[in-house]
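Since the structure comes first, as structure tokens, the remarks are kept for the end.
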Amino acid sequence: MKNWEQAWLAYQSNKEYGDKKIFRSYYTMENSNCCRKAEEEIRRSCKALFGTEPVKASHRGDAGIVLEKNPALETGEEGYRICVSDSQAVIQSTGDRGLLYGTFRLLLKASAGETVCGMDIMEKPKNPFRMLNMWDNIDGTIERGYAGRSFLYENGEIQITDRTADFARLLASAGINAIAINNVNVRDGAEWLITQRHREKLKVLARILGDYGVAMYLCIDFAAPMTIDGLPLSDPLDSRVRQWWKEKAGDLFGDIPNLGGFLVKADSEGRPGPFAYGRNHADGANMLAEAVRPYGGTIIWRCFVYNCQQDWRDETTDRAKAGYDNFAYLDGKFAENVILQIKNGPIDFQVREPVHPLFGRLSETNQILEVQAAQEYTGQQIDVCYLVPMWKEVLDFSTGCGKEQDTVADIISGRTFGQVRCGMAAVSNTGKDPNWTGHDLAGANLFGFGRLSWDPALGSEEIAREWTKLQITRDPQAVELITGILLRSREVYEKYTAPLGIGFMVNPSYHYGPNPEGYEYSPWGTYHRADHLAIGVDRSDAGTGYSEQYFEQNASVYRNKETCPENLLLFFHRLPYTYRLSSGKTLIQHVYDTHFEGYEDVEDMEREWLTLEGKIPQEIYERVKERFALQKKNSREWRDVINSFFYRKSMIADEKGRRLY
Ligand code: GCU
């Protein structure tokens, strides 16, 4: 197997490594599965990195690496202390998972070529839940998958292959501790994952994941009592339905004790839910919560609920408001083993959106922030787009909820309101492609999500640099260059696509490439309402009132066009093309300029990439080179379609006289 087929666990050979002696042998008295996996990883990494085969020492004093539990430490189950002298690394934790995480931290340091001697750190995750959502379908396709087919399923069956354990290793090494293994849109047979039909393989999968400290969750169909057993209804308050779920949970948890619970998309984009029976989301979630409670199970319930059958002529309904409207009033009504999962923005993973206004409003409800590593609207793993900077903006956002610790990071860590079931989830960007993520540089998003959800205080740059060293090269110049590309990639993508927070303007259904009116006269609720004078939706108090869903600190900023951040101007306001931005430029000139620039930036990034030939693994070089060629084509398309659209609507020429078509 090629190194790069292990993503950031490539462990690229480094025979010159200065602290090699630490990795000569290891010692442990622990024999949990997690610990065994840690030992395995030490052996595997040393072989790849140094060509050595570390032995298991029989005395602690002789060992290079010591793994031991220490109940006196305050690491928690997942945290660890790593203390490295000149000849020995001691990894301690109160829990087995902590020992595994600590081992990975040490090994990744070495793999990045960094010195470990003298290291003395104690780390614990800031977020209890660090979860991946697979949108894999049981037929082997992946909803919004851009890295090949699923490695979890084929032809309606769960697949257990070498990839299964390799994936679990990748997750644990990035600090991810939970995974929902099937698409939130449960259909085409995936309903049956909770029945005996798939039980044996499900047990194996749960065990493989569990060995790496990863808890498995299943996405369920809210109407399963009807689909599976022909019950006449799935009303959450009906006693037969409640009983059905209790039995189902008993059966599942009986076979798979380490099952985490269920993730639910209900009353959203055609999925069944409690609304059909006049019930609300708390009724639905609590019914399931009751069923899994005896087994310590958790229900994760998504807040992505809106009317996708809107009449585009109706200007009073605003999709952005829907999440808040459906959930804010239910605060305090959810069982303690329910978590609400909230997308980072109110619409749908656009390259630029404001932070979801539910953050800060739910003081008595557990909550998880959902981001999308799959690049559905951000280049589909053809265009490079490093998303960690965007996620950090969300995490750093001050909600103004009246508590001292009021950022999204504070809230989802549980600090703000004293919650314990909270954290982050990402829609996975993986598939069967040998490099896991299609675009090699998209590996930084998966790794970055893990690292960031472990510690939101980590910097975008340090994560990018660490990932580059692990997955591509330790060559310092190349690391600088690749880190530089990653760090500006999102801004570049934003420049050549939909401007100033307006969103969408993509081709309907598959969401790649420009189509300014693709969703304009559709039922999906994502309109920009451009005419010959102006563009944008007024979401201020004078308009749809969306801005008023924020606490005053932010509402006052968003409701006025003078104070609204310019990159969100067209999200919140309807403005004439001649509106002057703070730079003195008109809005339309800004659109023209950024679109020309965005394309040129792609040319620059490509030019830089081409200088890497011979300095990084050839296959990675070639693959990314091909993607840059495609990105160039895409960005040119976007540039010309968007500019021409704005020109044809406004009939205002480019000040610089460039061709707009
Ligand atoms: C987006 C995406 C869908 C997905 C949905 C969700 O709308 O396009 O494919 O099902 O998000 O998050 O549920």
Side-chain angles (χ1 to χ4, degrees), residues 131-139 141-147 149-150 179-188 190-191 217-223 262-273 275 281 284-285 299-310 318-320 322-323 326-327 339-353 356 358 367-381 385 387 390-391 394 424-431 449 497-498 503-513 515 518-519 522-527:
M131 183 174 201
L132 215 57
N133 289 182
M134 310 303 282
W135 282 5
D136 295 40
N137 298 313
I138 197 154
D139 65 358
T141 58
I142 302 180
E143 174 131 2
R144 313 303 175 187
Y146 310 107
R149 290 175 67 82
S150 170
I179 181 175
I181 61 161
N182 59 310
N183 187 359
V184 287
N185 297 311
V186 185
R187 54 180 178 228
D188 303 328
E191 303 89 321
Y217 284 70
L218 295 169
C219 289
I220 54 118
D221 170 21
F222 195 78
F262 303 143
L263 169 63
V264 194
K265 173 176 179 176
D267 286 319
S268 166
E269 301 185 327
R271 306 315 303 154
F275 282 171
H281 287 277
I299 300 301
I300 304 178
W301 190 273
R302 295 177 85 228
C303 293
F304 184 58
V305 176
Y306 68 99
N307 175 11
C308 64
Q309 299 291 327
Q310 202 181 318
D318 181 2
R319 170 167 164 180
N326 280 302
F327 288 92
I339 305 178
L340 295 188
Q341 181 163 302
I342 309 167
K343 285 193 183 182
N344 61 271
I347 300 282
D348 195 9
F349 300 135
Q350 301 303 293
V351 70
R352 177 76 60 183
E353 274 186 59
H356 204 297
L358 272 177
Q367 53 210 291
I368 278 181
L369 162 67
E370 177 178 338
V371 298
Q372 195 184 38
Q375 290 172 240
E376 175 176 2
Y377 298 100
T378 51
Q380 304 203 347
Q381 286 142 254
C385 192
L387 294 164
M390 167 163 135
W391 300 336
V394 175
M424 282 178 83
V427 179
S428 187
N429 59 356
T430 49
F449 166 73
T497 55
F504 276 81
M505 294 196 161
V506 288
N507 278 304
S509 97
Y510 62 95
H511 298 167
Y512 189 74
N515 190 341
Y519 276 98
S522 79
W524 293 93
T526 54
Y527 316 115

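Indexing begins at 1, ligand by ligand and atom by atom, following the structure's order.
Residues Tyr519 and Val506 are in side-chain contact: their nearest non-hydrogen atoms beyond the backbone lie under 4.5 Å apart.
A salt bridge links Arg187 with Glu143: the closest approach of a Lys/Arg side-chain nitrogen to an acidic carboxylate oxygen falls below 4.0 angstrom.
Qualifying side-chain contact (heavy atoms from CB on, under 4.5 Å) partners for Gln375, counting only residues two or more places apart in sequence or in other chains: Thr378, Gln381, Cys385, Leu387, Ala442, Asn445. Legend: residues meeting side-chain contact (heavy atoms from CB on, under 4.5 Å) with Asp267, ordered by chain and number and at least two apart, are Pro274, Phe275, His281. In this structure, Asp188 has no side-chain hydrogen bond (donor to acceptor under 3.5 Å, both in side chains) partners at least two apart in sequence or on a different chain.
In this structure, ligand 1 sits under 4.0 Å from heavy atoms belonging to Trp135, Glu143, Arg144, Val184, Asn185, Lys265, Glu269, Arg302, Phe304, Lys343, Asp348, Glu376, Tyr377, His511.
Residues Tyr377 and Gln372 bring no donor and acceptor atom of their side chains to less than 3.5 Å of each other.
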